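Predicted, not measured: the structure shown is a model, and the values here were computed from it. For reference, positions follow the sequence shown, starting with 1. We use all heavy atoms of the structure for the numbers below, so side chains are in, but hydrogens, waters and symmetry mates are not.
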Amino acid sequence: QTFLMRFDNDGYPVLNFGIGGVARSGVVHYSGDSDVGLALSDSGPMLSGINESVQYYVARFTWDGVLDPTYGTGGIASAGVYTLDYLPNAIAVQSDGKLVLVGAKRSSQNNFFVRLNTDGSRDSEFGLFGGVNTDLRSAYHSGVCLAIQEDGKILAAGHDINQGQDYLIRLIATPESVTAVPENSVPTAVSLNQNYPNPFNPSTAISFALPQPAKTNLAIYDISGRLVRTLVAGSDLQPGRHEVVWR
């Protein structure tokens with residue numbers, strides 16, 4: 001199992017943390033060679049690893065060393081990303097409390113980033129299908145470092161086995177925003193217009209109209225019905241025409 005210990009300033013274990021100074025996640029690790037990630041959130045310390053289903057998971061503890069029942073299921077959340085064994089992972093906490101996790105995807109060995117909400121659920125608004133898949137292949141035991149900048153951008157460092165070089169990449173997290181479009185008359189019905197331009201690269205504008213104030217959701221699905229990205233999630237919008245730019 002993944003475990004966590006806390007030490008005092010003199011380097012001695014704090015015995016009132018967890019049970020006898022040791023807190024355990026309750027998750028059986030897939031491989032003893034798998035590295036774990038550690039981050040400190042406002043709610044308590046967080047650990048990530050690979051469970052017996054060969055998926056990344058995150059366990060959040062309280063500052064007393066017990067699993068936080070408000071996070072995930074009984075303190076444990078699964079990122080839902082299959083991975084290779086032995087490959088390292090790292091986690092970092094954003095200023096809004098959301099957690100970013102990076103590891104290596106089983107199918108490609110590429111680095112794969114996911115973001116979890118503060119309750120442990122997968123953030124579908126992050127990347128494509130809730131993840132960012134890079135073409136920087138990790139090597140066994142090469143290590144991955146992850147950090148969040150003050151502006152919310154994500155930094156990751158590791159080793160690309162294809163190029164034989166260390167790398168440093170930065171992910172830009174640019175949220176879409178809803179813009180009210182001035183119009184002389186209030187629409188009489190809800191309408192969703194064709195996006196423009198189409199096809200597009202790198203962005204397209206989607207406009208829609210509301211006849212009255214409404215809590216609004218706007219999402220993109222692929223042809224098989226899978227959610228690609230949520231652009232507007234339960235926002236309270238006023239009557240009129242609105243536009244969202246999808247990058």
Point to revise | Y56 side chain near V102 side chain, heavy-atom distance below 4.5 Å | key: no
Practice item. Could you tell me whether F7 atom CZ has more than 12 heavy atoms of other residues or ligands within 6.0 Å of it? Key: yes
Practice item. May I ask whether L192 and L237 are part of the same hydrophobic cluster, defined by side-chain heavy atoms of I, L, V, M, F, W, Y residues being less than 4.5 angstrom apart, directly or through others? Key: yes
**Study point:** Verdict with reasoning, E52 to V27, per side chain to side chain contact (heavy atoms under 4.5 Å, CB included)
**Key:** CA-CA 8 Å; E52 62 271 27; V27 176; 4.1 Å; yes
**Study point:** Interatomic spacing from CH2 in W246 to CD1 in I206 - rounded to 0.5 Å
**Key:** 7.0 Å
Revision key, fill the gap. Heavy-atom closest pair (G65 atom, A23 atom, distance to 0.1 Å) is O-CB, 3.1 Å
Review point. In this structure, are over 12 heavy atoms from other groups packed under 6.0 Å from F200 atom CZ?
Key: yes
Review point. Above 12 or not: heavy atoms from other molecules or residues under 6.0 Å from CG of D119?
Key: yes
Point to revise | Same apolar cluster: L47 and I50, side chain cutoff 4.5 Å | key: no
Practice item. Check whether L101 and V54 end up in the same hydrophobic cluster, where Ile, Leu, Val, Met, Phe, Trp and Tyr are linked by side-chain heavy atoms less than 4.5 Å apart. Key: yes
Point to revise | Side chains of V132 and I154 in contact at under 4.5 Å (non-hydrogen atoms) | key: no
Exercise for review: Quick one: do V232 and V244 satisfy side chain to side chain contact (heavy atoms under 4.5 Å, CB included)? Show the steps, please.
Suggested key: CA-CA 8 Å; V232 182; V244 178; 3.8 Å; yes
Practice item. Give, for atom CG of L99 and atom CG of D123, the distance between the pair rounded to the nearest 0.5 Å. Key: 11.0 Å
Check your understanding: Do side-chain atoms of T216 reach the backbone of A214 as a donor and acceptor pair under 3.5 angstrom?
Key -> yes
Practice item. List the steps, then state whether side chain to side chain contact (heavy atoms under 4.5 Å, CB included) holds for D160 with Q165. Key: CA-CA 5 Å; D160 186 343; Q165 294 181 343; 5.5 Å; no
Exercise for review: Can you measure from OH (Y57) to OG (S25) and round to the nearest 0.5 angstrom?
Suggested key: 3.5 Å
Check your understanding: Mind checking whether I76 and L67 have side chains closer than 4.5 Å, heavy atoms only?
Key -> yes
Exercise for review: Over all heavy atoms of both residues, which pair between W63 and S41 is shortest? Give the atoms and the distance, please.
Suggested key: CZ2-O, 3.4 Å
Check your understanding: Roughly how far apart are I148 CD1 and Q94 CD, rounded to 0.5 Å?
Key -> 5.0 Å
Check your understanding: Within the distance-only criterion (no hydrogens, no angle test), does the side chain of R241 pair as donor or acceptor with the backbone N or O of F208 below 3.5 angstrom?
Key -> no
Review point. V36 and F61: same hydrophobic cluster, using ILVMFWY side-chain contacts below 4.5 Å?
Key: no
**Study point:** Minimal non-hydrogen separation, A90 against L146, with atom names
**Key:** O-CD2, 3.7 Å
Exercise for review: Could you check D64 against T62 for side chain to side chain donor-acceptor pair (under 3.5 Å), going step by step and ending with a plain yes or no?
Suggested key: CA-CA 5 Å; D64 294 326; T62 67; 4.5 Å; no
Point to revise | Between N117 and Y71: side-chain donor-acceptor atoms closer than 3.5 Å | key: no
Review point. If you take all heavy atoms of R122 and A79, which pair is closest and at what distance?
Key: NH1-O, 2.9 Å
Practice item. Hey, could you give me the NE2/CZ distance between H29 and F3, rounded to the nearest 0.5 Å? Key: 10.5 Å
Review point. Side chains of L4 and F17: does their closest heavy-atom pair fall under 4.5 Å?
Key: yes
Practice item. Would you check if I91 and L38 make a side-chain contact, meaning some heavy-atom pair closer than 4.5 Å? Key: no
Review point. Could you give the distance from CG (L155) to CD (Q149), rounded to the nearest 0.5 Å?
Key: 4.0 Å
Review point. Got a sec: does the CD1 of I220 have more than 12 other heavy atoms crowding it under 6.0 Å?
Key: yes
Review point. Side chains of L210 and H242: does their closest heavy-atom pair fall under 4.5 Å?
Key: yes
Revision key, fill the gap. For D8 and D10, the nearest pair of non-hydrogen atoms, with its separation, is OD1-N, 2.9 Å
Review point. Given side chains that start at C-beta, do those of V93 and K98 come closer than 4.5 Å, heavy atoms only?
Key: no
Practice item. Grab the two heavy atoms, one from N198 and one from Q194, that are nearest each other, plus how far apart they are. Key: ND2-NE2, 3.1 Å
Review point. Side chain to side chain donor-acceptor pair (under 3.5 Å) between N193 and S207: does it pass, once the steps are laid out?
Key: CA-CA 6 Å; N193 301 319; S207 63; 2.9 Å; yes
Check your understanding: Would you say T134 and Y167 make side-chain contact, with heavy atoms under 4.5 Å?
Key -> no
